[in-house]
Amino acid sequence: MYPKFQGLWYLVGREFRTSRRPLNVASVRARTVEQATKYQSPWNDGTEYAPPLGTTGQIKGAHMAGKPQTLATTSAFEILGPVMVGPSSSHTAGALRCAQVAASLLEGRIAKVTFGLWNSFAHTYRGHGTDRALVAGILGLDTDDENIKQAFDLAREQGLEYHFDIKGDDASIHPNTVDIDMVDDTGATAQVRGESLGGGKMRISRINGVGVDISGMYSTLFVAHKDVPGVLAALTNLLAYAHVNIAFCRTYRTEVGGQAYSVFETDGAPDDTVVPMLRKLDNVDYATFIELPGSASSLSPGVSAKEIFDDGEQLLDACEELGLSIGAVMAVREARLTGEAHAVDAMRRVLDVMREETTAPIANPQRSLGGLIGGEAKLVDATGRNDLSTSLMGAVQTDAVARAMAVLERSATMGVIVAAPTAGSAGVVPGCVLALADRLQLDDEQVMDALYCAAAIGLNLTTSACVAGAEGGCQAEVGSAAAMAAAALVQMLGGTPEQALDASSIALSNLLGLVCDPVGGLVEVPCQNRNAIGVAAAFSSAQLALAGIKSLVPFDQMAHVMLSVGHALPATLRETAKGGIAQAPAALSACAKCGVCG
């Protein structure tokens with residue numbers, strides 16, 4: 001059970017309540033007093049902690065490393081998340097979000113929409129549920145809404161006319177690209193190009209034929225206006241009057257004196273009065289606040305501050321400076337970005353969903369949408385009670401593998417899961433963390449410490465490399481998940497932050513070159529078994545690191561290596577189902593009998 005508190009437990013430190021040595025997070029009780037503005041512990045026990053962002057206090061040492069830091073605002077729950085309906089974070093959740101953001105650019109109800117599907121989207125959209133997800137996004141459903149399965153029926157009920165236009169392949173654009181051409185009930189139109197970046201994250205790269213770059217790093221105002229003198233001055237003056245601080249401003253135009261679009265990225269979301277005032281300005285056609293799901297702006301409008309870390313080097317600096325474990329540093333970062341209450345509630349939900357996704361399919365197996373998997377997790381779980389477990393993987397790893405495989409079964413039935421960092425690799429982190437937590441009898445707070453540690457590694461990989469199979473192959477998905485889990489296991493067993501990063505680097509190196517070749521484009525085979533291999537890589541890498549074995553290539557360099565290897569993979573081996581196992585005769589035969597893809 002959770003203690004009654006209002007602040008994050010991480011900010012005052014906790015001891016590792018087993019017979020093993022304390023985690024270094026425990027020392028924060030003494031050190032935080034010297035390094036942070038003093039705020040009383042919610043337990044009134046005399047300890048003090050650093051304030052969340054937006055208060056007058058700031059943690060010292062925010063600029064840990066010599067290299068410049070970004071102002072990225074990605075939430076931990078976009079790494080351990082989104083909470084979503086399966087089967088794919090890039091092709092289901094990311095696609096939904098592209099459509100969701102596109103629909104927000106029109107004021108009226110969307111009456112007609114055509115989706116132009118490119119590259120990986122074009123080849124696997126039925127098997128991944130991309131078609132349902134795109135329609136669901138236009139209708140305003142969220143990633144975890146189980147009604148996504150019935151999106152076509154809901155569209156007919158609401159009078160939404162939808163079409164899919166298969167564009168084919170174009171190596172010059174992102175592998176997961178969709179063009180969304182909309183008409184609302186007032187006759188207004190908009191054309192938007194969205195890109196799904198993996199793990200449910202997305203970017204808008206074109207609006208009404210004009211190239212833009214809207215990633216959600218900041219709060220974003222989009223203004224359509226005439227390309228005439230004085231318009232930009234009027235826009236910036238109004239924003240200054242409204243006390244909106246502009247971080248970046250970019251203006252795009254179709255031609256001199258023609259249509260123009262200005263994108264303002266600001267420190268915090270504007271209040272409700274700003275957009276209506278912008279719309280009343282001369283020569284302004286339309287203005288809207290674009291809220292990209294997962295950005296800190298959508299979680300805590302008005303909050304903006306430097307990140308504590310951007311890569312492994314800065315993460316280790318932060319751990320040393322603050323006397324915290326990796327998980328604790330990530331938790332402080334999340335509290336500063338989104339607020340303590342949101343951080344606590346969000347992690348509680350992640351843990352609850354993870355427990356359900358790793359156990360329900362074992363207790364009640366179901367066949368997947370494609371019929372290729374279902375019941376495997378229960379079979380592995382049963383070996384934990386016989387000699388197979390003792391002779392081969394051992395009890396804890398057997399439990400972890402069964403849990404990991406269960407998550408893929410739940411995802412493949414369009415059940416609710418936590419992408420970690422993607423849906424295709426979602427079993428590795430919860431499988432590892434929950435299995436070891438049960439063995440060590442850790443409480444919920446210690447488990448969440450470990451999950452924050454995993455999120456920190458995933459954030460670095462998202463920033464420095466990639467986690468999308470369509471961009472980097474399965475090494476970017478299961479490889480990243482194994483690296484995240486390995487670090488978490490090390491922390492749970494009392495290892496240092498340096499050992500955690502060594503474990504992550506070893507895990508990445510051992511899965512380099514792993515291709516993404518889903519049979520029929522479904523996140524079923526070989527994805528489920530590869531989650532099992534991801535668990536094995538995480539366990540072995542953690543044990544190597546805890547034994548004192550270091551990675552010759554440090555974590556940050558290994559992330560760049562993974563990215564370069566991913567880009568070297570041909571498109572046939574990056575989630576298109578056009579190579580590898582997906583093209584084996586037995587796989588093609590099974591796919592022909594499936595019927596999901598039409």
Could you tell me which non-hydrogen atom of Ala155 sits nearest to which non-hydrogen atom of Leu139, and how far apart they are?
-> N-CD1, 3.8 Å

Residues which pass ring pair (Phe, Tyr, Trp, His ring centres under 6.0 Å) with Phe115, listed by chain and number, not counting sequence neighbours = Phe164

Trace of the salt bridge (charged side-chain N to carboxylate O under 4.0 Å, His left out) decision for Asp352 with Arg349 = CA-CA 5 Å; Asp352 288 344; Arg349 188 182 182 213; over 6 Å; no

What side chain to side chain donor-acceptor pair (under 3.5 Å) pairs are there with at least one residue in residues 232-247, not counting sequence neighbours?
-> Asn245-Asp267

Can you give each donor-acceptor pair under 3.5 Å made by side-chain atoms of residues 187-194, sequence neighbours left out, with the distance rounded to 0.1 Å?
| unit_1 | atom_1 | unit_2 | atom_2 | d |
| --- | --- | --- | --- | --- |
| Gln191 | NE2 | Asp181 | OD1 | 3.4 |
| Arg193 | NE | Asp179 | OD1 | 2.7 |
| Arg193 | NH2 | Asp179 | OD1 | 3.4 |
| Arg193 | NH2 | Asp179 | OD2 | 3.0 |

Applied to residues 237-248, the salt bridge (charged side-chain N to carboxylate O under 4.0 Å, His left out) test, sequence neighbours excluded, yields none

Salt bridge (charged side-chain N to carboxylate O under 4.0 Å, His left out) contacts touching residues 226-253 (sequence neighbours left out) =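 Qualifying pairs: Lys226-Asp285, Asp227-Arg253, Arg250-Glu265.
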
Centroid-centroid distance, Tyr125 to His91, less than 6.0 Å =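 Centroid separation for Tyr125 and His91: 6.0 Å or greater.
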
Can the ring centres of Phe152 and Tyr162 be said to be less than 6.0 Å apart?
->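 They qualify: ring centres under 6.0 Å apart.
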
Looking only at side chains, do Ser90 and Ser196 share a donor and an acceptor under 3.5 Å apart?
-> no

Side-chain H-bond candidate by donor/acceptor type, Glu471 with His567, under 3.5 Å |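 Note: Glu471 and His567 side chains meet the donor-acceptor criterion.
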
Exam field: side chain Gln100 to backbone Leu96, donor-acceptor pair closer than 3.5 Å =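 Not at all, since once roles are kept as given, no pair shorter than 3.5 Å links the two residues.
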
Sequence neighbours excluded, which residues qualify as side-chain contact (heavy atoms from CB on, under 4.5 Å) partners of Ala242?
->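 If we apply the side-chain contact (heavy atoms from CB on, under 4.5 Å) test to Ala242, skipping adjacent residues, the hits are Val244, Val274.
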
